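Structure, as C-alpha cells:
Hydrogens, waters and symmetry mates are skipped; everything else that's a heavy atom, side chains included, is used. Note that the structure is a prediction, hence the values are computed from the model and not measured.
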Amino acid sequence: MSGKRLELLKEIAPGVKRVAVIRDPSVPAGSGGLAAIQTVAPSLGVELTAIGVRDAGEIERAITAFARGSNDGLITVGPTSSVQRYRDLIIMLAARHRLPAIYSGRFYATAGGLISYGADPIDQYRRAAGYVDRILKGEKPADLPVQAPTKYELVINLKTAKALGLEVPATLLALADEVIE
C-alpha cells in the first residue's frame, strides 16, 4: 500500500520530486512502509527523506526544514495509531508549506488533508466479527488464517487540492470512493 500511495501522490501532483516519509521509527510497520516506498521511488524519479514522529517539535522542525526545497510532498506510513496523534499538526504543516500529502486513513482527508488511501476499517471490523463468531463457536484462533485487507478506500479533498493549486485528474476522481468538496 505504501508504494501505491507514492504512485497516487505523483498522479495528483506530478511535479513532486522529493517526498518526506513520516513514520514512527520504533514501529516495524513504519520501516516496512518506508522500504516499500524506497522500492518504487526510483521508477517515479522521487528522492525520499524519512521523518520520525517521536514528538511534535521534531515533526515541525523536520517538515519545516524539508519544505525549504521545491517540488516537495509528504506521505505518512505505518500503523495509524503511531502517527495519528499528530494528525492536525501534520495537516497544518502540509498546508502552511503548500505540500501535497497522502495519508493512510480517511480521517486525514476529512480533517483537511489532500488525499488518503488505506484499508477500509469498516470492512476490517466486519471480517474481525466473523472471526469472533468462529472462535465463539469453538474454532481455535491458532487454526484461523491471518488475513490481509481486501478492500481499500481512496478519499480526495478537492478543497485542499484547490488551495494547493492542483488539478485533480479525472481518472483519479473516477477511482475515488469519496470526494470531499
Note to self: Testing the basics here: between A163 and R98, what is the closest heavy-atom pair and its distance to 0.1 Å?
What the structure shows: O-NH1, 2.5 Å
Notebook entry, point to check: Taking it one step at a time, do E60 and R96 satisfy salt bridge (Lys or Arg N to Asp or Glu O under 4.0 Å)?
Noted result: CA-CA 11 Å; E60 186 159 7; R96 177 189 300 162; 3.4 Å; yes
Check: Just wondering, do P149 and D120 contact through their side chains at under 4.5 Å, heavy atoms?
Finding: no
Note to self: Ignoring hydrogens, what is the shortest heavy-atom contact between A20 and I51? Give both atom names and the distance.
What the structure shows: CB-CD1, 3.5 Å
Notebook entry, point to check: Between T76 and I102, is any pair of side-chain heavy atoms under 4.5 Å apart?
Noted result: no
Check: Any chain of hydrophobic side-chain contacts (each under 4.5 Å) joining V179 to V168?
Finding: yes
Margin query: Looking at every non-hydrogen atom in both residues, tell me the closest pair between G52 and I59 and how far apart they are.
Written below: O-CG1, 3.8 Å
Next item on the list: Over all heavy atoms of both residues, which pair between E181 and K159 is shortest? Give the atoms and the distance, please.
Entry: O-CB, 4.3 Å
Notebook entry, point to check: Less than 4.5 Å apart, any side-chain heavy atom of T49 and any of V21?
Noted result: no
Check: Taking a hydrophobic cluster as the set of Ile, Leu, Val, Met, Phe, Trp and Tyr residues connected by side-chain heavy atoms closer than 4.5 Å, whether directly or through intermediates, do V77 and L44 fall within one such cluster?
Finding: yes
Margin query: Using the rule ring-ring contact (aromatic ring centres under 6.0 Å, His included), only one of Y117, Y103, Y86 pairs with Y108; which is it?
Written below: Y103
Check: Side chains of V46 and R18: closer than 4.5 Å at any heavy-atom pair?
Finding: no
Check: Do L6 and V155 share a hydrophobic cluster, counting only Ile, Leu, Val, Met, Phe, Trp and Tyr and linking them when any side-chain heavy atoms are less than 4.5 Å apart?
Finding: no
Note to self: Would a single hydrophobic cluster contain both I180 and L114, if residues Ile, Leu, Val, Met, Phe, Trp and Tyr are joined by side-chain heavy-atom contacts under 4.5 Å?
What the structure shows: no
Note to self: Go through it in stages, so that I can follow the logic: the residues are R5 and S104, the test is side chain to side chain contact (heavy atoms under 4.5 Å, CB included), and I'd like the CA-CA distance, side-chain angles, deciding distance and then a yes or no.
What the structure shows: CA-CA 8 Å; R5 284 190 193 109; S104 56; 3.5 Å; yes
Next item on the list: Only one of I90, D72, L164, L93 passes side-chain contact (heavy atoms from CB on, under 4.5 Å) with L99; say which it is.
Entry: D72
Next item on the list: Indicate yes or no: does D123 engage K151 in a salt bridge with an N to O separation below 4.0 Å.
Entry: no
Next item on the list: For residues 7-17, pull every pair meeting side chain to side chain donor-acceptor pair (under 3.5 Å), keeping only residues two or more places apart or in separate chains.
Entry: E11-T171
Next item on the list: Indicate yes or no: at least one non-hydrogen side-chain atom of I63 is less than 4.5 angstrom from one of H97.
Entry: yes
Notebook entry, point to check: So, do L74 and V19 sit near enough that their side-chain heavy atoms are less than 4.5 Å apart?
Noted result: no
Check: How close do I135 and P141 get, heavy atom to heavy atom, and via which atoms?
Finding: CD1-CG, 3.9 Å
Notebook entry, point to check: Heavy atoms, side chains only, cut-off 4.5 Å: are L34 and S2 in contact?
Noted result: no
Notebook entry, point to check: When hydrophobic residues are tied together by side-chain contacts of less than 4.5 Å, even through go-betweens, does I37 share a cluster with V16?
Noted result: yes
Margin query: Show, in sequence, the C-alpha distance, side-chain angles and deciding distance for L154 and L172, and conclude whether the side chain to side chain contact (heavy atoms under 4.5 Å, CB included) test is met.
Written below: CA-CA 9 Å; L154 174 65; L172 194 56; 4.0 Å; yes
Note to self: Distance to the ring centre below 6.0 angstrom and angle to the axis at most 45 degrees; does that hold for R87 and F107?
What the structure shows: no
Margin query: What I'd like to find out is whether the side chain of I75 reaches to under 4.5 Å of the side chain of I22, using heavy atoms alone.
Written below: no
Margin query: So which atom in P121 and which in E153 form the shortest heavy-atom distance, rounded to 0.1 Å?
Written below: CD-OE2, 3.6 Å
Next item on the list: For Y131 and E139, test the side chains for any donor-to-acceptor distance below 3.5 angstrom and give the result as yes or no.
Entry: no
Item checked: CZ/R126: more than 12 non-hydrogen atoms of other groups inside 6.0 Å -> no
Item checked: Point-to-point distance, once rounded to the nearest 0.5 Å, from CD of Q124 to OG1 of T150 -> 8.5 Å
Next item on the list: Evaluate side chain to side chain contact (heavy atoms under 4.5 Å, CB included) for L173 paired with L158, printing each intermediate quantity in order.
Entry: CA-CA 10 Å; L173 286 172; L158 288 180; 3.9 Å; yes
